[in-house]
Amino acid sequence: MSSYFSEIEPLKYDPDAEGLSFRHYDPERQVAGKRLEDQLRFAVAYWHSLVWDGSDPFGGGTFQRPWFPHDTMEQAKAKADAAFEMFRILRAPFFAFHDHDVRPEGDSLQENHRRLNEIADVFEVKMAETGTRLLWGTANLFTHRRFMSGGATNPDPDVFAWSASSVRACLEVTHRLGGENYVLWGGREGYETLLNTDLNRELEQMGRFLSMVVEHKHKIGFEGQILIEPKPQEPTKHQYDYDVATVYGFLKRFGLENEVRLNIEQGHAILAGHSFEHEIALAQTLGVFGSIDMNRNDYQSGWDTDQFPNNVPEVALAYYEILRGGGFGRGGTNFDSKLRRQSLAPEDLIAAHAGAMDVCAQGLEAAARMIADDALEGPRRDRYAGWETETARGMLAPDASLADIADRAEASGIDPQPRSGRQEILENIVNRYV
Ligand code: XLS
Ligand code: NI
Ligand code: NI
């Protein structure tokens, strides 16, 4: 057993503790009809917490984890030990990983898959011992130089084939570990310049690829959700899975809108020029909401800085849209968040998650109270009350015509009077809850 976190006791809900504890997140508390743990469904992201070494464009790794440099299976197993120790300290019900996070890169597809399966054997035992579950698995189709020009959208068909093999292996391991979801984040599916890019061909490749992933999911009996994670740019200048609306159009085009849902990340929403709650609400409306990657960006840098969330009002509005849509089904709250590179100590990793879990708990509880009190839904209903009359509804009926409506409008002498949208009053109401 690794002793990386040995100084740290498993966290308890204790608002008055002196050291590390949960100050708001009480997993057992009932909120909106469920235990808080079952509402929030927290997951720790293997990559940021256990793989990232603190490097940035100006300097190498600042973190010196005992399992670095992660090029032997022995180190991969030491990392798995530390990972599960961390999950236990955090009482995290779930985790999430890329193939590349958990096994060192081999020199062939076969060797990669053999290593992945060997680590999955280790995970299987640890998951059974600790009760930790897998929120999602995913294949990393962006780090190795072979993916420089994308995975499924690569101009080289051999990279397409390599990607197919990697996704099959990772999907099957996710299935074996009882994963709730399988994620495809666009990685390098996008372009740097139109001067060398055949847009139509690349989108066709991506559509076929995704259709085959869905087909394979059914073939092996995987019951989890297949999720696409939108992002507008980074690493490529233009990512194909730009935002929720773009992905929905793509899914419609390939007839996959009932097969694939979305994993929405706070930071990516902001990069796309949206709020997190907008992206969640739109996905709910379109029937494709799946799960979330919880983090935040630095609002000055304009980049995907993947910081831990620490803004309750922001988080509350996101959970409001999630609860309004019925909560998470198989999805959850994955912390796609990383430390700042000066936060070297094991304690920093625990404190970052604990603080973020508290922020999410506060946000979700505020959202649940707003719903229970009808604080926003009441005013929203009032705003649309005019549509409750038979005449109004009739305008949207399949047999209504533009001409009928126009004739009636002209004959009845209507004279619409604008009413206040009451935005500030509603903002004041929200502030009473957060
Ligand atoms: C990168 C993405 C990535 C996905 C998993 O910006 O957020 O971490 O969540 O591949
Ligand atoms: Ni993400
Ligand atoms: Ni991201």
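When reading the values below, keep in mind they use all heavy atoms of this one structure, side chains included, and skip hydrogens, waters and symmetry mates. Counting starts at 1 for both ligands and their atoms, in listed order.
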*How many angstroms lie between atom CD of E223 and atom NE2 of H175, to the nearest 0.5 angstrom?*
8.0 Å

*Please state which protein non-hydrogen atom is closest to atom 2 (C) of ligand 1 and give its distance, to 0.1 Å?*
E229 OE2, 3.3 Å

*Verify the distance test for D304 against the Ni ion (ligand 3): any N/O/S atom under 2.8 Å, yes or no.*
yes

*Counting both backbone and side chain atoms, is some N or O of D304 under 3.5 Å from an N or O of ligand 1?*
yes

*At a 4.0 Å cut-off, with the gap strictly under it, does some heavy atom of V183 reach an atom of ligand 1?*
no

*Taking only heavy atoms of W47 into account, list the atoms of ligand 1 that are under 4.0 Å away from them.*
8 (O)

*Under 4.0 Å from a heavy atom of D293: give me the atoms of ligand 1 that qualify, with their elements.*
9 (O)

*asked:* Run the salt bridge (charged side-chain N to carboxylate O under 4.0 Å, His left out) test on E377 and R381 for me, step by step, so that the C-alpha distance in whole Å, both residues' side-chain angles and the decisive distance to 0.1 Å come before the verdict.
replied: CA-CA 6 Å; E377 297 316 307; R381 272 196 307 276; 5.7 Å; no

*Any donor and acceptor pair, going by atom type alone, linking the side chain of R261 with main-chain N or O of Q225 inside 3.5 Å?*
no

*In the protein, what heavy atom is nearest to atom 5 (C) of ligand 1, and what distance, to one decimal place, separates them?*
H98 NE2, 3.2 Å

*So which protein N/O/S atoms does the Ni ion (ligand 2) have within less than 2.8 Å?*
E229 OE2, E265 OE1, D293 OD2, D336 OD2

_Any side-chain heavy-atom pair of R340 and Q342 under 4.5 Å_ = no

*Are E204 and R201 ion-paired here, with the side-chain N under 4.0 Å from a carboxylate O?*
no

*Polar-atom distance check: H268 versus ligand 1, any N or O pair below 3.5 Å?*
yes

*asked:* For atom 8 (O) of ligand 1, what is the closest protein heavy atom, and at what distance to 0.1 Å?
replied: D336 OD2, 2.9 Å

*Taking the six-membered ring for Trp and the full ring for Phe, Tyr or His, determine whether the centres of W136 and F97 are under 6.0 Å apart.*
no

_Non-neighbouring partners of R208 that pass salt bridge (charged side-chain N to carboxylate O under 4.0 Å, His left out), sequence neighbours left out_ = none

*asked:* Please report whether ligand 1 has a polar contact with D306, defined as an N or O pair separated by less than 3.5 Å (distance criterion only).
replied: no

_Side chain, backbone, both or neither: the part of N334 lying under 4.0 Å from ligand 1 by heavy atom_ = neither

_W136, portion touching ligand 1 at heavy-atom distance under 4.0 Å_ = side chain

*asked:* Side chains of E74 and T72 only: does a donor on one sit below 3.5 Å from an acceptor on the other?
replied: no

*When the aromatic ring centroids of F95 and F84 are compared, is their separation below 6.0 Å?*
yes

*Among F22, F328, Y25, F87, the one residue meeting ring pair (Phe, Tyr, Trp, His ring centres under 6.0 Å) with F42*: Y25

*Determine the sole option in W52, F335, F123 for which the ring pair (Phe, Tyr, Trp, His ring centres under 6.0 Å) test with Y46 is passed.*
F123

_Check for me whether the distance between the ring centres of F160 and F209 falls short of 6.0 Å._
yes

*Hey, is ligand 1 close enough to K231 that some N/O pair sits below 3.5 Å?*
yes

